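Worksheet: the structure to be examined is printed underneath.
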Amino acid sequence: MALVVFPDGSRRDFPDGVSAAAVLKELGQRLQKEALVARVNGRVADLATVLPQEVEIEFLTFADEEGRDVYRHSSAHILAQAVKRLYPQAKLAIGPAISDGFYYDFDVPAPFTPEDLNRIEAEMARIIKEDLPITRFELSREEARALFEAAGEDYKVEIIDELPPESVISCYRQGEFIDLCAGPHVPSTGCIKAVKLLSVAGAYWRGDERNKMLQRIYGTSFPKRSLLEEHLHRLEEAKRRDHRRLGAELDLFSVREEGPGLPFFHPKGVVLYNELVSFWREEHRRRGYQEIKTPILLRRELWERSGHWDHYKENMYFAMIDEQPYAIKPMNCPGCILLYQRRLHSYRELPIRIGEMGLVHRHELSGVLHGLMRVRSFTQDDAHIFCRRDQVKAEILAIIEIVEYFYRTVFGFDYHVELSTKPEEAMGDEAIWELAEAALREALDETGMPYRVNVGEGAFYGPKIDFHLRDCLGRTWQCGTIQADFVMPEKFDLFYIGEDGQRHRLVMLHRVVFGSLERFIAILTEHFAGAFPVWLAPVQARVLPITERHTAYAAEVTCFLEEAGVRAELDARNEKVSYKIREAQVQKVPYMLVVGDREISEHTVSVRHRAEGDLGPMPPGVIRDRIVAEIKARRI
RNA sequence: GCUGGGGUAGCUCAACGGCAGAGCAGCUGACUUGUAAUCAGCAGGUUGUGGGUUCAAAUCCCAUCCCCAGCUCCA
């Protein structure tokens, strides 16, 4: 007998050799219909899996993340099968589930066209209609090799050859199609209800640009047509939040052909920018930071000394001035270091925290430029902390606290953390890197926050903690970062005078909180869909006189607000109020103040909030106080 | 940088070898307006740029720039 334990703790006996599917038959109708795979003793497995003697089992549906991944993964197999039917010469690479769907990479002689996608989608529908059972079988490494070699599937053979010796090699079969795959999968192709192929793009084999470029087809699938429609609708909605679109609509910024990746900030965008900077200054002054400004252009020698010339040249811009080679700064650290070196520093001064709103220029590949998210000139809210070794951890913790305060408390963002370790091209010896990594890791562990390790993604001079935020489509962008640097202090011979009167090597921390003002503004715009919190809103209140005879009073109200520090505007155009309101709404102005005969005689304003609607009449002082309080509290 | 798609009025788009158009925005005038678009008129273009094919090119071909999606890379 097999003892089966369910998630609710209930237990039942089944005959030996019972499958998960057979157990499922004894359960509720709804679950039978929706179950895709089972979690068997913690491992996700096919429903056909034969259960061991004593087992904890849980059935997973599309509602579970793992169930969803399996569903999408099976969809990817159907995609591959369809492609093989239509293009037998196509070679299969990999086809995983991703957050909102799946993709499959193919090596084909000619790239797929959008019309090809339609044909493939139609073939997928046929495969789904055929309702082919999806079955697993295991085989030896030699058998697997022989199978895929005979089929001409070079990539699969490569994958097999690189599987660790102890691994079980499995394949999944559906009709005439067999794919090397660890699984699990849904029981049959008919389980997939609604599929849509979304796009084709080139993708390097194994993500390495030295390898062949394959054709990647992206798609998504859902158990119901309506869920797919909803998802596609959400994608459309997300596009309305796109900061590039809102940037133009709200007149915040633009990028022109005259300078790809070199953004122009418009007056309204600058208001936002300045608000962020003054908030940043306030918070950093409070936390013991000084602020400096260093040149954008410095002699090339400096960059040779810092290692940028050797490790970062490809990303830098250069200039000749009076026959001397110069470089435009891609980072602020060398400039800051020069200032640290201008005099001796006592151990009593440490840690020294020096901030800089530094405008840097980096030659990013043309294909990666993206609105304000990825540009070639941007302002980092940089700071460098010069400290003793025993101060490193406390300093890192203090920076993490600033990030948490900014991101979560002030802006209400959700974020995730990554630890990036030594890259291939790095300066400094192994021991120094281990020390630096340990410092970051210890601090992170102390906070208890979860983090992912990003192997080989660190800066060339040190490992880093990265803070990532999401855009409107769920893509993540690195914003904040903390880098522990034991290398630059060596390169530039940075020291302090200790209690003993001797020179001691110090440690340098590089850090940004916003990351870059540009990227942060982009994230901010998408997160709030352009309806910025009042303290950031370029226009905080717009006064709307009903007719010309109310303009004088409206101007008075506008002045009254401006005197209290509110960014108020008067809309004196000869238009109907409804027209002015619509415009103010479209511009996401938080407060609209309507004034007409009634307001003049009662000395009030009729207030409309962009989200709450008509708030009724109130004395100007009341709404002024409300707005001022909201600004002061930086309410979100 | 690579793969694919795309660039037509300030914006969104139509015309897809045969006279370059519409809506919104803009300007002018009328209307004096009460919580998401008043009406009428006017103006707006070397169809990204350069070359080619053709009697004729926005449309076909080549090159180039820029944009979009993805890959790679990064704040």
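Reckoned from all heavy atoms, side chains included, excluding hydrogens, waters and symmetry mates. So that the names make sense, note that chain A is the first sequence line, chain B the second, and so on, each numbered from 1. All of these numbers come straight from a predicted model, not from anything done at the bench.
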Euclidean distance for [atom1], [N] against [M] (whole angstrom):
| N | M | atom1 | value |
| --- | --- | --- | --- |
| rU38(B) | rC24(B) | C1' | 16 Å |
| rG70(B) | rA37(B) | P | 36 Å |
| rU59(B) | rU49(B) | P | 11 Å |
| rC71(B) | rC62(B) | P | 28 Å |
| rA25(B) | rU12(B) | C1' | 11 Å |
| rG21(B) | rG29(B) | C1' | 26 Å |
| rC42(B) | rA9(B) | C1' | 15 Å |
| rG23(B) | rG6(B) | P | 27 Å |

Subject >> Donor/acceptor link under 3.5 angstrom from Glu314(A) side chain onto base of rG1(B) >> reply: no
Original post:
Within the modelled atom types, does a donor on one side and an acceptor on the other bring the side chain of Arg376(A) and the base of rA75(B) under 3.5 Å apart?
Top reply: no
Contact class for [X] vs. all strands (heavy atom < 4.0 Å): base, sugar-phosphate, or nothing?
| X | result |
| --- | --- |
| Glu518(A) | nothing |
| Asp597(A) | base |
| Met592(A) | nothing |
| Gln587(A) | nothing |
| Glu583(A) | nothing |
| Val375(A) | base |
| Ser366(A) | base |
| Ser606(A) | base |

Give a yes or no on whether the ring-centroid distance for [X] and [Y] is below 6.0 angstrom.
| X | Y | value |
| --- | --- | --- |
| Phe520(A) | Trp280(A) | no |
| Phe406(A) | Phe514(A) | yes |
| His311(A) | Tyr461(A) | no |
| Trp477(A) | His370(A) | yes |
| Tyr218(A) | Phe102(A) | no |
| Phe413(A) | His527(A) | yes |
| Phe222(A) | His231(A) | yes |
| His416(A) | Tyr451(A) | no |

Subject >> From rC74(B), rG34(B), rU38(B), nucleotide with atom closest to Arg519(A) side chain >> reply: rC74(B)
**OP:** Could you work out which one of rA75(B), rA37(B), rU35(B) sits closest to the side chain of Arg362(A)?
**Re:** rA75(B)
Subject >> Charged N-O contact under 4.0 Å between Glu401(A) and Arg287(A) >> reply: yes
Original post:
Looking at Asp597(A) and Arg549(A), does any basic side-chain N land under 4.0 Å from a carboxylate oxygen?
Top reply: yes
Value in whole Å for how far the [atom2] atom of [N] lies from [atom1] of [X]:
| X | N | atom1 | atom2 | result |
| --- | --- | --- | --- | --- |
| Asn332(A) | rA75(B) | CG | P | 12 Å |
| Trp477(A) | rC73(B) | CH2 | P | 14 Å |
| Gln380(A) | rC74(B) | CD | C1' | 11 Å |
| Lys329(A) | rA75(B) | NZ | C1' | 14 Å |
| Glu236(A) | rC68(B) | CD | C1' | 14 Å |

Original post:
Does the ring of Tyr579(A) lie flat against the base of rA36(B), closer than 5.5 Å centre to centre with planes under 30°?
Top reply: no
**OP:** Examine rC2(B): is either OP1 or OP2 under 4.0 Å from a nitrogen or oxygen in the side chain of Lys212(A)? Give yes or no.
**Re:** no
Original post:
So, is Gln478(A) close to the rA75(B) phosphate, meaning a side-chain N or O under 4.0 Å from OP1 or OP2?
Top reply: yes
Original post:
Given the rule in the side-chain contact (heavy atoms from CB on, under 4.5 Å) test, do Trp303(A) and Lys313(A) qualify, once you have shown the distances and angles that lead to the verdict?
Top reply: CA-CA 9 Å; Trp303(A) 305 100; Lys313(A) 217 183 3 229; over 6 Å; no
Subject >> First of Phe112(A) and Ser377(A) reached from the 5' end of RNA chain B, by closest nucleotide >> reply: Phe112(A)
Subject >> Residue closer to the 5' end of RNA chain B, Tyr312(A) versus Pro111(A) (nearest nucleotide) >> reply: Pro111(A)
**OP:** Indicate the atoms forming the closest heavy-atom contact of Ile98(A) with Asp69(A), along with that distance.
**Re:** O-OD1, 4.5 Å
Can you give me the N/O atom pairs linking the protein to nucleotides 46-50 of chain B at distances under 3.5 Å, or say none if there are none?
none

I'd like a table of atom pairs between the protein and nucleotides 69-72 of chain B - only N or O on both sides, under 3.5 Å - with the distance next to each one.
unit_1  : atom_1 : unit_2    : atom_2 : d
rA69(B) : OP1    : Arg244(A) : NH1    : 3.4
rA69(B) : OP1    : Arg244(A) : NH2    : 2.8
rA69(B) : OP2    : Arg244(A) : NH1    : 3.2
rA69(B) : OP2    : His370(A) : ND1    : 3.3
rG70(B) : OP1    : Arg475(A) : NH1    : 3.4
rG70(B) : OP2    : Arg475(A) : NH1    : 3.0
rG70(B) : O3'    : Tyr218(A) : OH     : 2.9
rG70(B) : O2'    : Tyr218(A) : OH     : 3.2
rG70(B) : N2     : Gly202(A) : O      : 3.4
rC71(B) : O4'    : Gly202(A) : O      : 3.3
rC71(B) : O2'    : Tyr204(A) : N      : 3.1
rU72(B) : O2'    : Glu209(A) : OE2    : 3.3

Original post:
Checking side chain to side chain donor-acceptor pair (under 3.5 Å) for the pair Asp485(A)/His510(A): CA distance, chi angles, key distance, verdict?
Top reply: CA-CA 7 Å; Asp485(A) 180 4; His510(A) 309 240; 2.7 Å; yes
**OP:** Anything under 30° is parallel, anything over 60° is perpendicular, the rest tilted; go ahead and classify Tyr317(A) against His363(A).
**Re:** perpendicular
**OP:** Go through RNA chain B and write down every stem, that is, every run of at least three consecutive Watson-Crick or G-U wobble pairs with distances under 3.5 Å, as range with range.
**Re:** B:1-7 with B:65-71, B:10-13 with B:21-24, B:26-30 with B:38-42, B:48-52 with B:60-64
